[in-house]
Amino acid sequence: MGIKGLTKLLSDHAPGCMREQKFESYLDRKVAIDASMHIYQFMMVIGRQGDQTLTNDAGEVTSHLQGMFMRTCRMLEAGIKPVYVFDGKPPTMKGGELAKRKDKRDEAEAALAKAKEAGDQEEIEKMSKRTVRVTRQQSQEVMQLARLMGLPVFEAPCEAEASCAALCKAGLVYAAASEDMDTLCFACPKLARNLMSPASQGKPILEFDYEKILTELDMTWEQFIDVCILCGCDYCDSIKGVGPVKAVSLIKKHGNIETLLQHLDTEKYPVPEDWPYKEARELFKHPDVVNTDGLELKWTAPDEEGIVAFLVGEKQFGEERVRNTLKKLKAAKGKSSQNRLESFFGAVTVKSSTTGKRKE
DNA sequence: AGTCTGTCTCAAGACGGC
DNA sequence: GTGTCTTGAGACAGACT
DNA sequence: GCCGTCC
């Protein structure tokens, strides 16, 4: 769910941190992507009629592969260098939130069964969308595909967002591409939203610059995190009656949650019992992430025969379709390196001073 | 008036042939 | 060992300061 | 551009 109302908060209090970017400016840029989110979307949407999705003869779902294959090709064709990061175990603090979601899904499952019995097509469609889940095997198939396509792939120890942020902090990628605003709490230098929208919706890429957030809010990282916790995050409840607006003014006034609590009229604003805001803060400050020490990211040419063996051989994709898509990719590759210099000179100036990527 | 809460809604991919 | 997560925006009504 | 199809 991210941070409630953070986009609006930032556009009100730190407008300079947001900037629209052209899709073309991402040529040759490395970006870290939370793959799990994309998989989920594809499962929900691709090739479904009623409760059917795309499958091979063995009945294995292939929607996620169809979607990821096409999308990855589109990115590579555009000269973007994606790194895919997969979710690991969710932090235990998220347990409450997850339990709620599970309840909802169980409900939807019951409704789905009922709808099937009644033969209510529309209801079946709706409910089956709500019961979608991504299995471990499906994630691993996407990893396999991504590796065959020559991309770096990571299985994050915990939340993918946190590891994407870590890759960006380490200077290994230009930005984390995500729709989830939590990424910024992990002090991710750059967050790019709508990266994949241009083709489908014509939305421009929206970049958030972490340093500018702190400058314009005139806050430290810790204070920004405190504001986000007050707004409402996945890790703990927030104080009723306190939303984005009060969160900012309270932190500005008192500096941190501890001090703020001493001055808060708890009659009006009841603080949750045993409120684990410190633990939430800790998760944002020191998340469990992939180790970036000495890490080098490499992109290699797609293994065409490997991809065909997997998608066509195992998953029954149309061979011609797959080969055609890969052919287009090859054609675009030459172009991309030709354009590299031009686009570099045309590009916005990039500061390299902020991240100390050298380590003794 | 401004603010927060709750609840509800919706929509969510991409290609290729016509 | 095993199992496993969606998300965001917008609209609107109602309640509180 | 809409619409059926992708597996």
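Order of the sequence lines fixes the chain letters, A, B, ..., with proteins taken first and strands second; residue numbering starts at 1 for each chain.
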Phosphate oxygens OP1/OP2 of C/dG10: is one of them under 4.0 Å from a side-chain N or O of A/K8?
-> no
In terms of side-chain heavy atoms of A/R74, which of C/dG8, B/dT3, B/dC15 is nearest?
-> B/dC15
Could you please name the option among B/dG16, B/dG13, C/dT6 that lies closest to any side-chain atom of A/K328?
-> B/dG16
Quick one: A/H38 NE2 to B/dA12 P, roughly how many Å, whole number?
-> 16 Å
Distance test, side-chain N/O of A/R136 to OP1/OP2 of C/dC5, below 4.0 Å = no
Length of the CG-C1' vector between A/D87 and C/dT4, whole Å = 10 Å
Re C/dC5: Watson-Crick or G-U wobble partner, both distances kept under 3.5 Å, found to be none
Does a donor on one side chain sit under 3.5 Å from an acceptor on the other, for A/H64 and A/E141?
-> yes
Mark yes or no for whether A/T220, through its side chain, and A/Q223, through its backbone, hold a donor-acceptor pair below 3.5 Å.
-> yes
When you match A/C231 and A/I46 each to their closest nucleotide on DNA chain B, which lands nearer the 5' end?
-> A/C231
Remember a base hit wins even if backbone is also touched, and classify A/V245 as base, sugar-phosphate or nothing at under 4.0 Å, heavy atoms.
-> sugar-phosphate
Side-chain donor-acceptor pair under 3.5 Å between A/Q66 and A/S63, yes or no?
-> no
So what does A/T55 hit on the nucleic acid, given a heavy-atom distance under 4.0 Å: a base, only sugar-phosphate, or nothing?
-> base
A/Y40 has its side chain closest, among B/dG13, C/dT6, B/dG16, to C/dT6
Given that A/V242 and A/G47 both sit by DNA chain B, which one's nearest nucleotide is further toward the 5' end?
-> A/V242
Report the base-pairing partner of D/dG4 (Watson-Crick or G-U wobble, both distances below 3.5 angstrom), or none.
-> B/dC15
Ignoring the backbone of A/E179, work out which of B/dA12, B/dT3, C/dG8 is nearest its side chain.
-> C/dG8
Would you call the rings of A/H254 and A/H263 parallel, tilted or perpendicular, where under 30° means parallel and over 60° means perpendicular?
-> parallel
First and last nucleotide of DNA chain D in contact with chain A, 5' to 3', at under 4.0 Å to a heavy atom: what are they?
-> D/dC6 to D/dC7
For A/T7, answer base if it contacts any base atom (sugar-phosphate contacts may also be present), sugar-phosphate if it contacts only those atoms, and nothing otherwise; contact means non-hydrogen atoms under 4.0 Å.
-> sugar-phosphate
